[in-house]
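All of these numbers come straight from a predicted model, not from anything done at the bench. In this chain, residues are counted from 1 in sequence order.
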Amino acid sequence: MLAQLLFGKLTLDAIPFHSPIIMGAFVFMVLIVIAVLFFITVYGKWAYIWNEWVSSVDHKKIGIMYLILSFVMFLRGISDVVLMRSQQAIAAGENLGYLPPEHYDQIFTAHGVIMIFFVAMPLMFALLNIALPLQIGARDVAYPYLNSLSFWLTFAGAMLCNASLVIGDFAATGWLSYPPLSELYYSPGVGVDYYIWSLQVAGVGTLLAGINFIATIFRMRAPGMSWMKMPVFVWSALCAMILVALAFPVLTVTLALLALDRMMGMHFFTDFAGGNVMLYINLIWIWGHPEVYILILPAFGIFSEVVATFSQKKLFGYTTMVWAIAIITFLSFVVWLHHFFTMGAGADVNSFFGIATMVIAIPTGVKVFNWLFTMYKGRIILATPMLWVIAFFTTFAIGGMTGVMMAVPPVDFQVHNSLFLVAHFHNVIIGGVLFGYFAGFIYWFPKAFGFRLHEKSGMWAFAFWVIGFYVAFMPLYVIGLDGFMRRNSHYANTLYQPYLIVAALGAALILIGIILQILQLFLSFKYRAFLRDHTGDPWNGRTLEWSIASPAPLYNFAVIPSVNSLDQLWVNKQLQIGEGKIHPNRLHYEAIHMPKNTPAGCIIAIFAGITGFALVWHMLIPGIVGLLGIIATVIAKSFITDTDYYIDAETVRRTELAHLKELAQCTVK
């Protein structure tokens with residue numbers, strides 16, 4: 001009885017000793033973890049990691065931790081791609097390939113979940129944390145402790161998802177887990193439960209982060225920074241976070257209802273017992289389509305910053321850009337049904353959502369023309385961030401064009417659930433979201449780390465990525481139009497095989513691009529002294545983050561800047577050129593109030609992870625311990641009153657003078 005309360009359904013049979021692929025991946029991960037722990041111990045860095053990172057509430061360090069999480073999960077997601085593409089390349093005719101169908105189903109489900117929830121979302125919040133407070137002239141986000149909690153909950157959700165690799169299995173339902181396949185009758189294992197609770201834990205972190213950034217933008221802007229003086233990246237982040245606040249509660253409720261169906265014998269989504277499967281489909285896409293814009297809007301903001309900076313021109317049509325972002329934010333909630341035109345809703349409903357889908361393409365097109373007009377007659381610098389923007393123009397245009405095609409219900413009836421849809425989705429998410437975040441990562445890397453990325457290796461990585469992308473996904477459009485359906489681990493018609501071999505070669509080119517990106521990081525770290533950003537403004541930027549040292553000091557701004565116009569830093573540069581001064585010295589500084597670090601966010605996330613794991617395996621005692629641990633930590637944190645401190649004026653003065661001295665040396669050189 002006690003064993004049942006402690007371990008629930010968990011037994012040794014849950015570990016797939018019979019699968020060499022899974023156990024090999026498990027052994028590899030264990031070796032990596034042991035090596036990391038070994039080096040941390042040998043170099044005596046445990047106290048440093050705990051004090052400076054785990055318990056940190058500094059938005060810049062939290063942004064870097066989001067980056068690391070995204071990078072690690074990206075490698076996991078790419079490994080799934082290699083398995084899927086190689087399987088489809090060989091599994092034709094009588095050859096069944098090397099992956100069992102049930103394993104293949106878990107792989108494509110995990111790939112979608114990981115890439116959206118644990119790669120793209122953390123990468124977005126990484127860039128928001130690194131750049132946004134600096135762009136609005138703030139010293140931190142509105143709620144630093146909440147920011148830490150948001151990250152650690154996302155981390156706990158990702159680790160819970162990864163646990164399914166070696167303990168039990170993951171969902172084999174597709175990344176949105178449609179019922180009835182996700183109901184207990186058809187998925188009696190724990191895979192769907194891992195899906196539900198990893199997303200619930202991470203989703204709470206995302207929702208808290210969204211609310212935090214909304215409050216930050218509303219209340220923490222520098223004096224004089226009115227709404228129409230905010231950088232476009234800040235506008236795009238604000239609209240994305242509003243979507244987070246509105247859409248993620250829908251996801252939470254949807255997954256909670258599915259969990260009740262599975263755990264409590266309820267029937268919200270079971271047609272045979274009075275439920276309604278289409279209720280789930282509607283709810284999940286009411287969240288799901290705004291989620292696409294949650295990811296793409298910050299990328300649009302990044303493109304705006306990068307294009308203006310590397311064209312050395314003011315962004316063309318700032319006001320229209322802002323309104324286009326706002327219109328997209330609104331329209332993103334009235335297009336969800338185009339994901340299931342085939343449900344039989346009728347011509348009137350399909351027509352409304354088809355037209356709405358076409359209309360949302362208009363403000364997106366407006367932005368593309370704004371960026372092109374910004375580049376027109378500009379002094380364009382083809383650094384790697386700008387290259388990613390140029391690749392976005394063509395790649396995203398194809399994705400947008402095919403999206404408008406599928407907005408026509410009769411066309412959607414033909415290509416629904418085919419590889420045509422898969423190619424379209426990746427055109428948008430990779431060509432729009434990932435390319436945008438790569439541009440932002442390179443652009444703001446010096447501000448986070450103090451040195452630029454190695455340019456030559458970055459260009460090689462860019463070339464392999466873009467060429468590989470087209471080679472990988474263009475064949476899928478062709479066979480998708482011919483009727484090849486998605487999610488197939490095997491196909492009888494061998495005429496499709498050459499296309500899928502080409503797609504696998506494209507995935508291999510992308511993999512080479514990723515390896516080159518890893519090499520770029522290695523070379524950048526190796527030559528960091530040569531790549532050091534001494535000025536704080538390596539790109540001749542236009543916004544406030546480039547007015548301070550790189551990496552930004554703990555307090556960000558020694559003196560909160562005053563803003564009188566859009567692109568205030570650029571305006572200051574133009575005015576100061578005539579005076580011969582770029583960074584005037586300041587003799588008097590004041591003490592700066594800062595929040596203290598706290599490990600509460602990490603501790604709560606640990607208990608949340610324990611609770612989620614216990615719910616997956618129906619472990620009563622660990623579940624109660626995890627829940628009580630969350631409550632106890634929150635209560636204990638509320639009694640701590642020593643939550644802040646001051647950086648004394650002398651420390652601020654020395655830090656600022658060191659930066660000014662470095663600037664002076666650069667000016668002399």
Side-chain angles (χ1 to χ4, degrees), residues 10 12-43 45-46 49 65-90 97-100 102-119 122-123 154-172 175 189-191 194-195 198 202 461 464 468 489 504 507-522 525 606 609 612-613 616:
L10 181 60
L12 283 175
D13 293 335
I15 300 176
F17 294 108
H18 60 279
S19 175
I21 295 176
I22 295 176
M23 294 313 296
F26 173 65
V27 171
F28 176 74
M29 289 191 298
V30 169
L31 291 176
I32 292 293
V33 171
I34 291 173
V36 170
L37 296 178
F38 173 77
F39 282 110
I40 292 174
T41 304
V42 167
Y43 288 100
K45 294 295 184 181
W46 284 108
I49 290 173
M65 289 192 288
Y66 269 118
L67 273 179
I68 295 170
L69 173 64
S70 178
F71 175 73
V72 171
M73 297 303 290
F74 183 59
L75 295 180
R76 164 73 200 279
I78 286 297
S79 66
D80 291 336
V81 172
V82 172
L83 292 172
M84 286 189 293
R85 282 284 158 258
S86 56
Q87 166 70 13
Q88 285 194 324
I90 63 177
Y98 64 96
L99 288 176
E102 65 277 7
H103 188 191
Y104 182 86
D105 292 348
Q106 292 179 51
I107 286 173
F108 71 68
T109 303
H111 171 69
V113 171
I114 287 169
M115 286 302 197
I116 294 295
F117 288 97
F118 301 122
V119 175
L123 189 50
T154 304
F155 178 84
M159 294 306 102
L160 189 58
C161 178
N162 277 344
S164 68
L165 180 65
V166 289
I167 306 175
D169 50 26
F170 197 64
W175 77 282
V190 296
Y194 268 119
Y195 171 90
S198 62
F464 275 95
S489 63
L509 291 174
I510 292 175
L511 182 60
I512 294 172
I514 294 167
I515 293 170
L516 288 170
Q517 286 177 310
I518 297 172
L519 176 64
Q520 181 188 29
L521 290 172
F522 172 77
F525 183 78
I606 290 171
F613 189 78
V616 168

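Screening residues 34-43 for side-chain hydrogen bond (donor to acceptor under 3.5 Å, both in side chains) gives Thr41-Trp46 as the qualifying pairs, with residues at least two apart or on separate chains. Each side-chain hydrogen bond (donor to acceptor under 3.5 Å, both in side chains) pair with one or both residues in residues 74-83, not counting sequence neighbours, appears once here: Arg76-Asn162.
Rounded to the nearest 0.5 Å, atoms CD1 (Ile167) and CZ (Phe26) are 7.5 Å apart. Interatomic distance, OG1 of Thr109 versus OH of Tyr195, reported as 9.0 Å (0.5 Å rounding). Here the CD1 atom belonging to Ile114 is positioned 4.5 Å from the CE atom belonging to Met73, to the nearest 0.5 angstrom.
Taking Gln106 as the reference, nothing meets the side-chain hydrogen bond (donor to acceptor under 3.5 Å, both in side chains) condition, with sequence neighbours excluded. Applying the side-chain hydrogen bond (donor to acceptor under 3.5 Å, both in side chains) test to Asp105 and every residue at least two apart in sequence or in another chain returns nothing. Residues passing the side-chain hydrogen bond (donor to acceptor under 3.5 Å, both in side chains) test with Ser164: none are found, sequence neighbours excluded. Take Ala504 and apply the side chain to side chain contact (heavy atoms under 4.5 Å, CB included) test, not counting sequence neighbours, and it matches Arg85, Ala89. A search for side chain to side chain contact (heavy atoms under 4.5 Å, CB included) contacts involving Val27 returns Leu31, not counting sequence neighbours. Annotation: ring-ring contact (aromatic ring centres under 6.0 Å, His included) contacts of Phe117 (sequence neighbours excluded): Trp287. Among residues two or more places apart in sequence or in another chain, the ring-ring contact (aromatic ring centres under 6.0 Å, His included) test is passed with Phe170 by none. Every side chain to side chain contact (heavy atoms under 4.5 Å, CB included) that Leu511 has, sequence neighbours left out, goes to Ile78, Val82, Ile515. With sequence neighbours excluded, the residues that form a ring-ring contact (aromatic ring centres under 6.0 Å, His included) with Tyr66 are Phe125, Phe151. In terms of the ring-ring contact (aromatic ring centres under 6.0 Å, His included) criterion, residue partners of Tyr104 (sequence neighbours excluded) are, by chain and number, Phe108.
Closest approach of Ser70 to Leu123, counting heavy atoms only: OG-CB, 3.5 Å. Taking both residues in full, the closest heavy atoms of Ala202 and Phe118 are given as CB-CE2, 3.6 Å, listed atom of the first, atom of the second, then distance. Summarising the geometry of Leu10 relative to Ala14, their closest heavy-atom pair is CD1-CB, 4.0 Å, with the distance given to 0.1 Å. Taking both residues in full, the closest heavy atoms of Leu69 and Ala158 are given as CD1-CB, 3.9 Å, listed atom of the first, atom of the second, then distance. In terms of heavy atoms, Val81 sits closest to Ala507 at CG1-CB, 4.3 Å.
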**Request:** Please lay out, stage by stage, how Met159 and Ile606 fare under the test side-chain contact (heavy atoms from CB on, under 4.5 Å).
**Result:** CA-CA 10 Å; Met159 294 306 102; Ile606 290 171; over 6 Å; no
**Request:** Go through the steps to decide whether Leu75 and Ile518 satisfy the test side-chain contact (heavy atoms from CB on, under 4.5 Å), and finish with yes or no.
**Result:** CA-CA 11 Å; Leu75 295 180; Ile518 297 172; 4.2 Å; yes
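For Tyr98, the OH atom sits in a packed shell: over 12 heavy atoms of surrounding residues, nucleotides or ligands are nearer than 6.0 Å.
Not a single donor-acceptor pair under 3.5 Å links the side chain of Gln517 to the backbone N or O of Ala461.
The shortest side-chain heavy-atom distance between Phe71 and Leu67 does not fall under the 4.5 Å cut-off. In this structure the side chain of Leu99 never reaches within 4.5 angstrom of the side chain of Gln88, judged on heavy atoms. Looking at heavy atoms from C-beta onward, Met29 lies in side-chain contact with Leu165 at the 4.5 angstrom threshold. Residues Asp169 and Tyr194 are not in side-chain contact: their nearest non-hydrogen atoms beyond the backbone lie 4.5 Å or more apart.
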